[in-house]
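Here's the structure we're looking at; comments come further down.
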Amino acid sequence: MQEGSGNYYNPQSIEPKWQKYWDENNTFQVQEGTNKAKFYALDMFPYPSGAGLHVGHPEGYTATDIVSRYKRMRGYNVLHPMGWDAFGLPAEQHALDTGEHPRDITVTNINNFRRQIKSLGFSYDWDREISTTDPAYYKWTQWIFLQLYKKGLAYVAEVPVNWCPALGTVLANEEVIDGKSERGGHPVIRKPMRQWILKITEYAERLLEDLEELDWSESIKDMQRNWIGKSTGAEARFAIEAEAGTAEELTVFTTRPDTLFGASYCVLAPEHELVERIVSTEQQAAVKAYQEQAARKSDLERTDLAKDKSGVFTGAYAINPVNGAKLPIWIADYVLAGYGTGAIMAVPGHDQRDWEFAKKFDLPIIEVIEGGDVTKEAYTGDGPHIRSGLLDGLNNEQAIATMIDWLEKNGKGAGKVTYRLRDWLFSRQRYWGEPIPILHLEDGTMKPVPEDQLPLLLPDVDEIKPSGTGESPLANVTDWVNTVDPESGQPARRETNTMPQWAGSCWYYLRFIDPHNDDALCSTEKQKEWLPVDLYIGGAEHAVLHLLYARFWHKVLYDLGVVSTKEPFHKLVNQGMILGENMEKMSKSRGNVINPDEIVSEFGADTLRMYEMFMGPLEATKPWNASGVEGTYRFLSRVWRLFIGDNGELNPKIQEYASSVPFERVWHRTIKKVTDDFEHLRFNTAISQLMIFVNEAYKQESLPKEAMEHFVQLLSPLAPHVAEELWSRLGYKETITYVPWPTYDESLTVDNEVEIVVQISGKIVDRIQIPSDMEQEEMQRVAMEVEKVKAALDGKTVRKVIAVKGKLVNIVAN
RNA sequence: GCCGGUGUGGCGGAAUGGCAGACGCGACGGACUCAAAAUCCGUUUCCCGCAAGGGAGUGGAGGUUCAAGUCCUCUCACCGGUACCA
């Protein structure tokens, strides 16, 4: 970098100048009540960690920023906000370690994040900044919870949960990795505890169905479909013969009711409530031992050891409703308590898991569908049924329908749809989260905190320490916990569980629409104006949970009439991961982390933004490359010198009139390509085209001012600071932000003459220049006249000639 | 195992079924300079050849087509998700 003159490209002076200008002029403030079409471009807001911004953050943020700036120039009213998902475990862990209050840590971290984000020149409307930890915000998170509670969608249950003694908290399944906590890697065990659960399963079908209308990648939709895991089958009821009597009934879920005649035993999950009531005296000890062993294993350990099936006979029998066969009832941990009815009928002939179990414990294998060899493995394919009474001769589909019909007519069962999706474990035993606004009265009943008393504030505490009992640290705050029901005057105890981090991020896109409203989470009119989010960009790690939870809440709010769209996010794009230079995931331990602050101070924000967009397709995973950053910086310097001479004056080649025809083509093609690429988020190829323009411009004797102005506009969404600076040097006083996007003349994007290829039987023989509008017949005639073609065709017969306008002529001959 | 994705020069990556390798990085050469950096201009898929020219080529094997990186079948590798879900 040069020193002195001040006429070279100097992002360090340009960028703060324009950031200040945008701030002072409220350039990106949303104007309400315009008649412009709206566009809502949303980033997944970050958790403000102590580590600060990572180069992965600006990737998605730059993409939405480019689209936002582009749409403004296209005349849209753009909502482009930013905020903080600031509740969460890391701040609490830090507080436990240092004694600092999580609120203070959070404020510090947010300030740092805001500084970093602002240094990148994103066009957010900062008047709409929100934090999930702000009482004015979480008031409405609590309000939504109360609506869920009132609709019966929030309930309390004693459930075995992942208890992590080291963190003193319960973890959701998704927070447990390989039997260890995701954060910290501490051991996790299963322990029953009183928990708040949200009934997301009630919305399973709608969450599945409404995926169809969304403009999301098929892979993300598929991940959600798999997570919801719909399966269609039947429930069948079996009478039970046990020492204790025959009053009990066993209900199983199966997707293959057609194989009912092939059932040779039944299996209950070890936790199944029937087990205690049906177990025989003789088997009692063995069953108990097995149950204890299973309880000690985490879900993962249970599946990890899946290769080897285990189980114990209960001493009881189930009676097959179709043929009266007496089937032994076993318990085994390959049957999961949480899915279906927690019990199965085992058909070893036609289910591989049952087959393995039957082999191990020497249970009968009955073939009821022809087509395989059940002595070698289970046959799961289609085929004619045998040994199956009324099903004999039918194929699978017919037999399933017939059997469901039979079960229903005989009162032994019914068709049934089951989902893999589980209800959402919503409570956390933590301090740093939204308090759940519920009172536990002395008489043992529960009631919600009245809505007019929201927000229920997190109490201030000097020190956060685990309660030790598994309850949250709030249990220690006796002044807060012990209260009085404002309606009945009864003594009451506050709920000490808090909400998970997902809660605040479930609805933040709604608050951005109306961030200062004290009377509603979002006004009806504004919600109607802005929903749905037109473009939502974020990391693929949120492909399932965040997006599913947010969709669930949105649908509840839709049912309540709070929002008027069925879905919150119309178009979703996941930006790919940025790897370190060594092609490995960036991490402190690998020493390959790139700090955006360093890139900004060395090369400027415009270079960082542009480089990240130039690396490759937005959705691809791609490695960082320091030389690539320099290359981008070199390009922006080259742009600068194209406009500004060493003397600091505008390049005298830039003139009102002059233009050459070839340059005019590049100019109009550039507008066309960049416009089209921005519409499709293909920023890497848009940048290539801008580079082509600059390369061409350097070769010109003179440069039309209009073309150069257009170029600055095309560049401005990518590199807004340098674009604003050049725009002002071109003589404009106002920001470039709202200058209408340039248009191009289609006829000026095509050449008069093109080089086409002449092929013989698909092999290139020669290239010739022809007028680009030459018709196919004429092209064929011209091609036949080419010397090399004549020579190559000597002695051959022409079978066919294909001409593609403006591209090629292919002569098929032999 | 199942579901999804990706395989193209030394590297990141471009290519509505129609000239593979745009653009950038790196490398090499030239100009400028006492010299270097910076900058500007060129060359750069690989192999054979002094050259003219020829041959090969988009993970691999087949196929459809006048024409395949692109469509179809099979297969291999890597990445992501999920995992006894009955």
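Note on naming: letters A, B, ... go to the chains in the order of the sequence lines (proteins, then strands), and numbering restarts at 1 for each one.
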How would you label the contact of [X] with the nucleic acid (heavy atoms, under 4.0 Å): base, sugar-phosphate, or nothing?
X	result
A:Asp354	nothing
A:Ser217	nothing
A:Arg799	nothing
A:Leu808	base
A:Val812	sugar-phosphate
A:Ser637	nothing
A:Gly631	sugar-phosphate
A:Lys805	nothing
A:Ser219	sugar-phosphate
A:Phe614	base
A:Asp351	nothing
A:Glu755	base

For A:Lys360, the salt bridge (charged side-chain N to carboxylate O under 4.0 Å, His left out) test, sequence neighbours excluded, returns A:Asp308
Determine, for [X] against [Y], whether the closest basic-nitrogen to carboxylate-oxygen distance falls under 4.0 angstrom.
X	Y	answer
A:Lys672	A:Glu746	yes
A:Arg669	A:Asp751	yes
A:Arg225	A:Glu218	yes

Report task. Mind running side-chain hydrogen bond (donor to acceptor under 3.5 Å, both in side chains) on A:Arg638 and A:Asn695 for me, showing each step along the way? Result -> CA-CA 9 Å; A:Arg638 210 164 132 79; A:Asn695 289 343; 2.7 Å; yes
For this session: Among A:Tyr8, A:Tyr611, A:Tyr9, find the residue that satisfies the ring pair (Phe, Tyr, Trp, His ring centres under 6.0 Å) test when tested with A:Tyr633.
Result: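 Looking at A:Tyr8, A:Tyr611, A:Tyr9, the match for A:Tyr633 under the ring pair (Phe, Tyr, Trp, His ring centres under 6.0 Å) is A:Tyr9.
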On RNA chain B, more 5' by nearest nucleotide between A:Arg634 and A:Met615 is A:Met615
**Request:** Map A:Met691 and A:Lys699 onto RNA chain B by nearest heavy atom, then report which one ends up closer to the 5' terminus.
**Result:**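 By nearest-heavy-atom nucleotide position, the 5'-most residue is A:Met691.
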Checking B:A14, B:C23, B:G18 against the side chain of A:Lys807 (C-beta onward), the nearest is B:G18
A:Asp333 has its side chain closest, among B:G18, B:A14, B:C84, to B:C84
Indicate whether OP1 or OP2 belonging to [N] is found under 4.0 Å from a side-chain N or O atom of [X].
X	N	result
A:Arg225	B:G81	no
A:Lys360	B:C84	no
A:Arg638	B:C41	yes
A:Asn695	B:C40	no

| message | Angle between ring planes, A:Phe361 versus A:Phe357, binned at 30° and 60°: parallel, tilted or perpendicular? | response | tilted
- request: Measure the acute angle between the ring planes of A:Phe253 and A:Tyr339, then classify it against the limits of 30° and 60° as parallel, tilted or perpendicular.
  value: perpendicular
Stem ranges for RNA chain B, with three or more consecutive Watson-Crick or G-U pairs under 3.5 Å?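 Runs of three or more consecutive pairs: B:1-7 with B:76-82, B:10-12 with B:23-25, B:26-31 with B:39-44, B:45-48 with B:53-56, B:59-63 with B:71-75.
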